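The structure appears right after this line, and notes come after that.
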Amino acid sequence: MPINLYIFLALALFSIGVIGVLTRRNAIIIFMCIELMLNAVNLLLVAFSKMHLADSSNKAMQVVTNGADAQLFVFFIMVVAAAEVTVGLAIIVMMYRNIHSVDVNFLNRLKN
Amino acid sequence: MNAIILSALLGVVLMFTGIFTTNKSTIRTVATAGLLLLLLANIAEMNGWKLFEVNTRNMLVFNKFGLLFNTIAFSATLLYFLLSARDILKVGINGAEYFALIFFILCGVSIVSSFNTLLLLFLGIEIISIPLYILTGSDKRNLKSNEAALKYFLMGSFSTGIMLMGIVLMYGAKGTFSIDAALQASNPGREVWYTSGLLLLFISMAFKVSAAPFHFWTPDVYDGAPTVFTSFMATIVKAGVFIAFVRLFEYSFSGSGYDWKLIVSIVTAATLFIGNITAIFQQSVKRMLAYSSIAQAGFMLFALFSYNTLSREGIILYTLGYSLATIGIFAVLVKMKDYTFEGFNGLARTQPVLAATTTIFLLSLAGIPMTIGFFAKYFMLASAVKSGSHLWLVFFAILCAVVSVYYYFRVIQSMYFKDGAGATEEISPAFRWILLLMAGLIILFGIFPNMILNYLYF
Amino acid sequence: MVPVLLILIPLLTGVALFAIRQEATAKSIAFFSTLVSLAVMLAGMSVWKDAAHLSFNQPWIGALNSHFHLELDGMSQLLCLLTTLCFPLIIYSTWNNTYVDANRFFGLMLLAQAGLLGVFMAMDAMLFYFFWELALIPLYFLCSRWGGEKRIQVTIKFFIYTFLGSLFMLIGLIMLYFKAGGSFAWADFVKLSLTGREEMTIFILLVVAFAVKMPLFPFHTWQPDTYEQSPTAVTMILSAIMAKMGVFGLLRWLAPVVPAATYQWGDNFATLAVVGMLYASFVAIKQDDLKRLVAWSSIAHIGLMILALFAPSYSGIQGIMIQMFNHGINILGMWIVVNVIEQQFGTRKISELGGLAQKAPILTILLVIIALANIAMPLTNAFIGEFMMFNGIWGSTATKFGMVYAIAGIITIILSAVYTLRMVQNVFYGPTNERTEKAVDIRFNVQLALAILVVGIILIGIYPKPLLSMTTEISQQILDRMNLK
Amino acid sequence: MNITEILFWLLTVVALTGALLVVTSKNPVYSVLALIATFFAISGHYILLNAQFLAVVNLIVYAGAIMVLFLFVIMLMNLNTETEPQKNKWLKMAGTVAGGCLLLVLVAALREADSKSTIAMVNTGDTGLIQNLGKTLFNEYVIPFEISSVLFLSAMVGAVVLGKKE
Amino acid sequence: MNNIIDYVWLVPLFPLVGFLLNGLLRNHVSKSLSGIIGSGAILASFVVSILIFLQVKGGSTGVVTLFNFIEFGETVIPFAFQVDQLSSLFLLIITGIGFLIHLYSTAYMHDESDMHFARYFAYLNLFVFSMLLLVLGSNYVIMFIGWEGVGLCSYLLIGYWFKNIEYTAAAKKAFVMNRIGDAGFLLAVFYLINKLGTVNYIDVFSKVDALSGQDLTIITLLLFVGATGKSAQIPLYTWLPDAMAGPTPVSALIHAATMVTAGIYMIARSNILYTLSPVTQTVVAVVGIATALLAASIALKQNDIKKVLAYSTVSQLGYMFLALGVGAYTGAVFHVMTHAFFKALLFLGAGSVIHGMHHEQDIRNMGGLKKYMPITHITFLIGCLAIAGIIPFSGFFSKDEILAGAFAKNPLYYVLGAIGALMTAFYMFRLYAMTFQGKFRGTHEQEHHLHESPAAMTIPLVVLAIFSFGGGLVGIPEVLMHGGHALNEFLAPVFAESTRRMTPHAIDHSTELILMFGLMAVILILIVLAWRKYSGYQKSDAEETGLGKVLQNKWYVDELYDAVITRPVNGFGKGLEKLDRFGIDWIVNGVGRSVQYASRQLRLLQSGQVGSYVLLMVLGMILLFVLQVFLKK
């Protein structure tokens, strides 16, 4: 498949994630949208991994990688995402315990 | 490598200390001793004595620059511990864990000061960020602390997403995550991926160092977090990220073949402007310092703007000067009963040593000669002048520096020239002596910056 | 050795004073220290006058190739003499003023002295900048801590204003540093040959700092307020010595370093100077506050020095140098009188005073002589300086408008008589009022201080040759660099 | 259009629809479910790209563990109804427009690349196999792997700090 | 002591020592002692001056350099004294009359306390010192030192009674007006230095051909500006009448005999420059004659005894400038001399009257004093006759010489000058008649206390009266006596160069005689008229009207100056201060304010909402992308 398609797809997912962060007020949903952004990145990484694999059979291109590093990167992203989720949800729960809401609009004691 | 491994281990040690004892002074002693060990280990490595022989496969590169920075960061942390360890333990019941998290952060700092691949940059930044989210929210009953933690977390993860997108695009163009190898690989037609990716990476790093217009988290988080942790966050962590930033663009900008000066200058100018201007109207010293840290970041961005030897020296001096001064001020701030400017009224009468040292810290932040802050700013400005383009930025920076005098001096005015009680908590003599030591260092390095700079050339 | 001693004595004493609690002791130590400085300075001018004693050069910041280079050449000697002479007089004449935290007050005074002396002796731009600021910071604290009602706003404005100027100067010095191939040495700066554009940029950057400090119209608005609000002892430093920093900067770091731009901009700045002189003189006529009056008069007098620099000639340049000294001691005398009046009557309003001549004849006599020096009567020191400056301005070959400047400038000579005599008339002459009814004459210390000044004023006025020969060489050097005769 | 392309487009549509649903649905539970659907579609893409290991890990870690955690928290907080009041409409609009612009700009920027002929290898290649990845991970990538343990440690400590009752 | 000229520095030294002694010891010396110090110093100077004069008369002149005053580059300004015919003559006048006035003062000022008495003599000595510097200086700078010095002393002495704020105001006015003139003088000096590199008279005059006509005109005009200030000419004359606030002997010495003639001395000294610039000469003559007429007309209606004399002085100074303007330098110097005698006499006489009347100065309250103060009366009458120009009184000769010179240059000058002379005669005898003739119009108490002044006052009067009577005999015109003009011969070396270059305007003897005696006849008629009219003067409350009122109010010149200069300057000062506070400073503070305002507004960006933060971040990203990727290629 042309790499451009994957790029556009990843960008679309990424942007939808961004839009979600921008428009939603529920902290959990915002967090989910961020996960969506990370997944868009993962998808693109895998696509690039395969692109570079394709390049490696092309003599004109400088061969740098067989794409394994990208897939491992995806792996590490997932690791980090998991860690983040642990912490993030802990924070959200703590927040909820205090104000009984996860609406980010209520977070406005700190301003100006 | 000494630093990375030791700091991770020390983090674990502290975790276990927390399990076996609740004695605060034990925890404090262990943490301080551990940090001293860490510092010594790093100095040992600077002198070529490696504790661990690890094949990093070129993913980590330890050079003088990074090691010197580590030394500075650890020394600053040591001073921070000496000044504020008691206050860290006052934040909540999980004293040992806070120290453990700080050690993990130091691990992250030593990773980002020596990374050679974007993967480790990413991991290092995350190792720094995740404990910070927690420390920010560690005052669990305090709604401001909660709010700050959540804001920081949401926006931090958002910027992580942007960073990753940037890394991916760069990888797409070059086929590698290694930052020096990326320069050799050139795939015609894909440069635009590289540029876009680099830009996204730049943006996310700008977020981490709170450069405008990606700085919005900074005032709220610094304000909301427990003051002791704000101190750590605003100094050592920020400096660490800056070193990563500089390290990253040391290779990347020059390799990209584009003129980055324009956008860097715009971001720098915006940071200076917003940081300085907004700081003026603040009523709380803590929040003022948050904005001031944005403003200082603006000056540090000069290191990126004009990449040359001067700026390399300068960023080291800058991080040192900035950290010393800010840690000192925050340590005093922690002791204050009232964080507003009025709270400082008459401090010179009630606590002359605190007032005098705070004055020196503030003068250093303002960049007055005879303090290291002056040389920090000097190197930044000189490097920009040397680079020869976008001179307007230099003048803009000057104007902003002048504005900064106004709000820094407001504190001095409160302490010295206004009447008031200037109430503080009880101050131990050791605290005073350490403050004096720091003030002394600031002046010493302010008169003889060579003592630091020589290390870069020995 | 002499330069180092001159810096170290006030610096170390100043720092040490912070530890001394007793007021009287602190004051005495400060006074003694300033006397020692004066003795060292005099020794430097008489006994140790070989180059080895008057110059000190050690590497300082290796990474920047900056040297700790101090030197006492003719111009420095003159200004250092002024500084070392003024400080003991200031402390002595204000001996009866009381200050809270007197030890800090005097400590800061001495730090300021160290900074000022450093400025006048530094031959390395970085060092110069250092001392430039070192002089400023203690004064900020002095003004803000011990000043009048509105001191906080006024001094922060003063500080920000001058700090802005000095940052511009810093950029200019950095540019010069790179142009000079990585050297801060004055000797390298004056060897540079820059393009017109570069000179222009550097000129503007440097001149701002000096213009604010002097101050040159229209950068002057901080000055009357600051002089008014500062404690008088500090005002003495500000106007007697610190204002000279700007002029000194022009002479040392501007004109010889960027001579072409100095020419090119000469007329603009000369015009500003003339306008400023007239402006200040006119404003001074209607001032009611003694401090503001003297402040404005100072602007007018300094304006003449600026004018003489931007319409340069040999006699003008040399005139500036000796006038820096002369104006310093004259205005110091004025301030001492103002201080006496303020201490005694608690007011500085001219309209609330009167008839002091009946009650305080000695004060009146001394003041009248100083006032006459202020309006440049012949046989007072100021006449020599102003004569040479006006002569230089009139005959300057650097500008086409020398005569116009001289004619416009000479109007201020007339106006200075108007406002000075108005002050004398309204404060000292006429009938006494209830406020001045119980006035007493000045104490011995003030008498002595003023008498020393008056003797100096008259001696220099009659026999200016020592001052002139001191500055001949350096004037020639500056003029050679500017390609002037 | 061969089967690969058909699958590609199908998965793409599912992923995008899922993503849009995540953003738009009022009920958080629906959002979670839509996100899981998206993850499935993305896993499908992985398989299509012959990255089986990642596809599986994605399903296990993301769809399995993480999303369940989300769901769990949402249930815990009793957020499964439409609790979210309407946000300021203008801000919402601005957010959408800004996101759209970002997409536009990114696409416009990346479209420039001379990569029309570049393809991502589909259905072939064995880099994605667990054996190869494992080898690389424990040879080349052992340092990041160890370092990520620090990350987990800190996350763990963090969870303890935040979760422990005072 | 074979060459006394080398010791010329003694002449100014004595008064300087006197000044220092009296000034520093003023609290410790008795009145008599300070009187002796003061007068003695001048007497000593006078003695030396006489010796010098004799030597100069023998033909030797010289320059005595003490030290180099100012040096820069090639310009050297020495502190040197030049002794020649002109300066030695002035030395005699200054020290001679100075001594008489010091002597007079010991009695006149006797009411003052010890300290102020000593102060008075200190000032007076300082004045003499300055005046001596002025005339002795061998270059323009030293002259300028004396020039300003006498201005200063005039200031100090006018404001001698400093408790009276009016007096100090008059003093200030005098000083400022002098300063205006001085500024012109200074500029001339600068011009000279920059053109010739020297200010020494000898060098300047020998290099005079190096100056173009324009240079000369400018220099001489600027110098003349100086002269108008010091010698009270239009437009700077108004300070002199006000200067009468000072003690009367001061008026006699400074504001009649010596200081005000400094301008004449200066022009006479620079005669060669003036001779070579006809434009300036015309200006000098016109200003001189205009001043003479204006002041004389004002004097007609003044009632203050000293004011009349003051305007008379202004008027006479006008004559001297007329003389200078027409090139009759000797005439001018001659008139300086005779004027010094008779005007000092008149002032001292007036002082005697005032002393006798207990500080009453209004002549409307006097009258009939001749029987109470006979010596004063006689001497005053001699003075009046002298100033009126009655042969053989001294004024006749000098005035005649001036008028003859004027006629030779331009008959119009003569006509105007003659009118002035007539007015002079009229107002002087009005003054005389109202003071000494008729009945006493003062209070009874005043009448009771009236008495002749003590010897210390009358002796100077008599001496001066003798000189006023006979002083003119050194300059008897050629028509009356061949070779009678001793002064002319004496001064000839000084004016030699001018004489050589001037085109002589000789008038024939018969015309001169007609003019001389015709004028004197008219003057005599006027004297009789005035005498008769004012001998029977009665006080009346009727206000003056018409021209009389204008004259009484001095042509409203003071008011004019007040409206045109003083008030605008003050207003300007006030306005500028406003401008400063609300203009420049407002802008400066405005920068601060706008930064504060920006701060207030900018912090609103920090809304506290995560959504808007992220929105702004995204917008920032878009902006950077657009800049970097699309706009920069």
Side-chain angles (χ1 to χ4, degrees), chain A residues 1-9 11-13 15-20 22-26 28-29 32-33 35-36 39 42-43 46-51 53-55 66-69 71-72 74-76 78-87 89-94 96 102-103 105, chain D residues 8 12 15-16 19-20 22-23 28 31-32 35 38-39 42 45-46 49-51 53-54 57 61-62 65-66 69-70 73-74 77 79 84 87 92 95-96 98-100 102-103 106-107 110 115-116 118-122 125 127-128 132-133 136-137 141 144 148 151-152 155 158-159 162-163:
Chain A
M1 298 300 293
I3 192 68
N4 270 359
L5 287 180
Y6 282 103
I7 292 178
F8 296 151
L9 172 59
L11 286 181
L13 286 172
S15 301
I16 289 170
V18 171
I19 291 173
L22 287 175
T23 52
R24 298 305 297 255
R25 297 173 51 169
N26 186 325
I28 298 180
I29 304 226
M32 277 159 51
C33 291
E35 294 298 329
L36 188 59
N39 268 279
N42 286 352
L43 175 59
V46 177
F48 274 137
S49 142
K50 302 305 278 189
M51 179 192 83
L53 189 64
D55 283 348
N66 63 358
D69 47 358
Q71 299 204 10
L72 283 173
V74 173
F75 173 72
F76 283 110
M78 286 177 182
V79 167
V80 170
E84 272 195 358
V85 167
T86 327
V87 173
L89 287 179
I91 291 173
I92 291 174
V93 169
M94 179 180 73
Y96 186 80
V102 288
D103 189 335
N105 274 23
Chain D
F8 175 85
T12 304
L16 288 176
L20 283 173
V22 174
V23 176
S31 287
V32 174
L35 191 57
T38 312
F39 288 160
I42 288 173
H45 273 297
Y46 290 165
L49 287 163
N50 225 16
F53 171 68
L54 287 181
V57 172
V61 174
Y62 264 114
I66 295 180
L69 208 54
F70 269 95
V73 170
I74 288 171
M77 293 178 183
L79 289 177
E84 189 169 350
K87 202 175 174 179
K92 214 162 192 170
T96 319
L102 183 68
L103 177 63
L106 284 173
V107 167
L110 299 180
S115 56
K116 303 245 161 43
T118 316
I119 53 143
M121 211 176 256
V122 190
T127 14
N132 295 329
L133 287 179
T136 323
L137 182 60
Y141 280 72
S148 57
L151 190 68
F152 270 112
L162 292 179

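Here is how names work: the chains are called A, B, and so on, in the same order as the sequence lines, proteins then strands, and each is numbered from 1. As the structure is a prediction and not an experimental result, all values here were calculated from the model.
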**Prompt:** Can you tell which of Val18(A), Val80(A), Ile91(A), Leu13(A) has the highest number of heavy-atom pairs within less than 4.5 Å of chain D?
**Reply:** Leu13(A)
**Item:** Approximate separation, where rounding is to 0.5 Å, of Leu9(A) CG and Thr12(D) OG1
**Value:** 5.0 Å
**Request:** Please examine the side chains of Val85(A) and Phe70(D), heavy atoms only from C-beta on, and report whether any two atoms are closer than 4.5 Å.
**Result:** yes
**Message:** Please enumerate all residues that pass side chain to side chain donor-acceptor pair (under 3.5 Å) together with Ser31(D), with sequence neighbours excluded.
**Reply:** Ser25(D)
**Request:** Give the member of Leu11(A), Asn39(A), Leu43(A) that has the highest number of heavy-atom pairs under 4.5 Å with chain D.
**Result:** Asn39(A)
**Distance-minimising heavy-atom pair for Val22(D) and Met32(A)** = CG1-CE, 4.3 Å
**Asked** Any idea which of Ile42(D), Val61(D), Leu102(D) has the most non-hydrogen atom pairs under 4.5 angstrom with chain A?
**Response** Ile42(D)
**Request:** Only counting residues at least two apart or in another chain, list the ones meeting side-chain contact (heavy atoms from CB on, under 4.5 Å) with Ile92(A).
**Result:** Ala27(A), Ile28(A), Phe31(A), Leu89(A), Val102(A), Leu150(B), Met77(D)
**Fill in**
Residue from Leu162(D), Leu49(D), Leu103(D) scoring the most non-hydrogen pairs under 4.5 Å with chain A is Leu49(D)
**Fill in**
Closest non-hydrogen atoms of Gly99(D) and Ser15(A), given as atom of the first, atom of the second and distance, are O-CB, 4.0 Å
**Fill in**
The interface call for Phe8(D) against chain A, heavy-atom contacts under 4.5 Å, is side chain
**Prompt:** Between Gly95(D) and Ile19(A), what is the shortest heavy-atom contact and its length?
**Reply:** O-CG1, 4.3 Å
**Item:** Tyr96(A) side chain near Val73(D) side chain, heavy-atom distance below 4.5 Å
**Value:** no
**Message:** On a heavy-atom basis, which atom in Ala68(A) and which in Leu133(D) lie closest, and how many Å separate them?
**Reply:** O-CD2, 3.8 Å
**Message:** If I measure from the heavy atoms of chain D, does Met94(A) come under 4.5 Å with its side chain, its backbone, both, or neither?
**Reply:** side chain
**Prompt:** Heavy-atom distance under 4.5 Å to chain D: side chain of Phe75(A), backbone, both or neither?
**Reply:** both
**Prompt:** Is any side-chain heavy atom of Asn42(A) less than 4.5 Å from a side-chain heavy atom of Tyr62(D)?
**Reply:** yes
**Prompt:** Would you say Ile16(A) and Leu20(D) make side-chain contact, with heavy atoms under 4.5 Å?
**Reply:** yes
**Fill in**
Here the pair of heavy atoms bringing Leu16(D) nearest to Ala12(A) is CD2-CB, 3.7 Å
**Message:** If you count heavy-atom pairs within less than 4.5 Å of chain D, which of Val74(A), Thr86(A), Val87(A), Val46(A) leads?
**Reply:** Val46(A)
**Request:** Flag the one option from Leu151(D), Asn50(D), Leu137(D) with the top tally of heavy-atom pairs under 4.5 Å to chain A.
**Result:** Leu137(D)
**Asked** Can you name the nearest heavy-atom pair linking Val79(A) to Ser148(D), along with the distance?
**Response** CG1-CB, 4.1 Å
**Request:** Select one option (side chain, backbone, both, neither) describing which atoms of Leu106(D) are under 4.5 Å from chain A's heavy atoms.
**Result:** both
**Item:** Spacing of CD1 belonging to Ile66(D) relative to CE belonging to Met78(A), to within rounding of 0.5 Å
**Value:** 8.5 Å
**Message:** Please classify the contact between Val93(A) and chain D as side chain, backbone, both or neither, with a heavy-atom cut-off of under 4.5 Å.
**Reply:** both
**Request:** Could you have a look at Thr136(D), Asn132(D), Val57(D), Val23(D) and say which one has the most heavy-atom pairs with chain A under 4.5 angstrom?
**Result:** Val23(D)
